[in-house]
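Numbering of ligands and ligand atoms starts at 1, following listing order. As a basis for the values below, the full set of heavy atoms in this structure was taken, side chains included, without hydrogen atoms, waters or symmetry mates. Everything numeric in this text was worked out from a predicted model, so none of it was measured. The first residue in the sequence is number 1, and the count goes up from there.
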Amino acid sequence: MKVRTRFAPSPTGFMHLGGLRTALYAFIFARKHGGNFILRIEDTDRARYVEGATEVIYETLRECGLNWDEGSDKGGGYAPYIQSERMKDGLYMKYALELIEKYEAYYCYCLPEAETCDCKNSKIRKPDIPFVIRQRIPCGGTTAFKDEVYGEIKVDNSEIEDQILIKSDGMPTYNFANVIDDHTMNITHVIRGNEFLSSTPKHVLLYKAFGWEPPVYIHAAPIMRDASHKLSKRDGDAYFSDFKAKGYLTRAIVNYIALLGWSPKGENEIFSLEELSSEFDISGISKSPAIFDEVKMRAINAHYIRTLPLEEFKLLAMPYICASAPESEPPAIDYDILCAALQPRTEVLTDITPQVDFIFEVRDYQADLYNNKKMKTSPETAFSALKDSLKIINTDGFSRDEIYDAFKALSEKNGVKIGYYLYPLQVALTGKPAAPGGGLDICVMLGKDESLRRIEKAIVKLS
Ligand code: GLU
């Protein structure tokens, strides 16, 4: 039987990391088994509907590469299944009526606050009286099912109320539409968060009532901030978009959330979506909550950033470089040199902006910044070193090698480290004790004229 999984979000807000992880597991499980992954929007609860939430779901899934395999082809990808649209053909009502016929459900005319209800035996549709349709839950006995993560689960039927299938407004309830859709879409494996574990007996009872085979259930534990707190909107760590705003790469987010609740077999923790699609195994899904660890997520992100081709890093970095620009035009400097120096110094893209403000201007700094024990420099030594630097940099060639050779020769001649010249140069060019690239790179990056201008200014400051 061909594996068919689905992601069935309710459009009630932005894409929570837990929801994205559910989608990811459903996607990679389907891929691993050569099956299909389906997106179904469960929007029958209009009270909880949030405008724009479906678009966020589509965009996030597409951005993460979790493309769904079915739906009507609208060009540029499939339109997903949407419950409110499926409802228009009377799909859910048809199945509810089938259960009434089978004596598995009944019309209920009781007010919501009624304590007892005498509708249980009614198969009759009374005209002009509002009604709901309820499932008739067996009086005694138990309902059992097996979850692939949590094992055998058994509940007494006496604990389950006669659940509403169709509400008084004619809309199906979540539980009912969810089961009808999973069955009619031939879903073989239901993968979702364990907050749905407690409604699963109700689902299983519906399958029984219809005489259908339930799917395989795989419930994953929640992602927590710590032992007692969920990831929350307030802490800015709940949504996919929060992490994009913090400068995480999509592929790193996908990689990290795969590990939140699933352990790969070996030591390796770096997985592309393709690799996850072959490595993923439900036996690695954990029963206990996954604790979100931003330090680890940063380390994974840093790995992805380090391994990007320079050109790709540059494309990603430019908006962050320009973010601190006082004017709209970024200065004409060598961005390849800047990006090559930034890349190993970047864990998340937002690390970039505060490191590069010097390309626009040198902020005022204290002269004691020139004190550096290791390089044996001070404001006094810097004053003369910068005068030498002016001469060295003011050459016709102005190539990195040429400047380097000149500094090297000079430092050898004077019996000092090359840093004796390059550290003051860096301070003069950036106004900072540490900068991406060091004095030489920054000099070449800024170009001859700008470098000379900054050095002259620094000399004035020191004199
Ligand atoms: N619509 C449910 C939700 O909001 C999904 C339940 C399921 O996956 O079965 O998450």
query = Of all the atoms in ligand 1, which lie at a distance below 4.0 Å from a heavy atom belonging to Glu42?
reply = 1 (N), 2 (C), 5 (C)
Numbered atoms and elements of ligand 1 in range of Arg192, under 4.0 angstrom, heavy atoms = 7 (C), 8 (O), 9 (O)
For [atom], the protein heavy atom that lies nearest, with its residue and separation:
{"atom": "atom 8 (O) of ligand 1", "answer": "Arg6 NH1, 2.8 Å"}
{"atom": "atom 6 (C) of ligand 1", "answer": "Tyr174 OH, 3.1 Å"}
{"atom": "atom 4 (O) of ligand 1", "answer": "Ser10 OG, 2.8 Å"}
{"atom": "atom 3 (C) of ligand 1", "answer": "Phe196 CZ, 3.4 Å"}

ask   = Contact between Glu195 and ligand 1, counting heavy atoms under 4.0 Å?
value = no
Please report whether the ring centroid of [Y] lies less than 6.0 Å from that of [X].
{"X": "His203", "Y": "Tyr207", "value": "no"}
{"X": "Phe37", "Y": "Tyr78", "value": "no"}
{"X": "Phe7", "Y": "Phe27", "value": "no"}
{"X": "Tyr256", "Y": "Phe292", "value": "yes"}

inquiry  = Test your reading of the structure: does Ala8 have an N or O sitting under 3.5 Å from an N or O of ligand 1?
reply    = yes
key: Close side-chain approach of Ser10 to Glu42, heavy-atom, < 4.5 Å   = yes
inquiry  = Assess the residue pair Tyr106 and Asp162 against the criterion (side chain to side chain donor-acceptor pair (under 3.5 Å)); give the C-alpha distance rounded to whole Å, side-chain angles, the decisive distance to 0.1 Å, and a yes or no.
reply    = CA-CA 10 Å; Tyr106 56 90; Asp162 282 4; 2.6 Å; yes
key: ligand 1-proximal atoms of Asn178, by part, heavy-atom distance under 4.0 Å   = side chain
Residue that, paired with Arg6, satisfies salt bridge (charged side-chain N to carboxylate O under 4.0 Å, His left out) out of Asp69, Asp182, Asp181 = Asp182
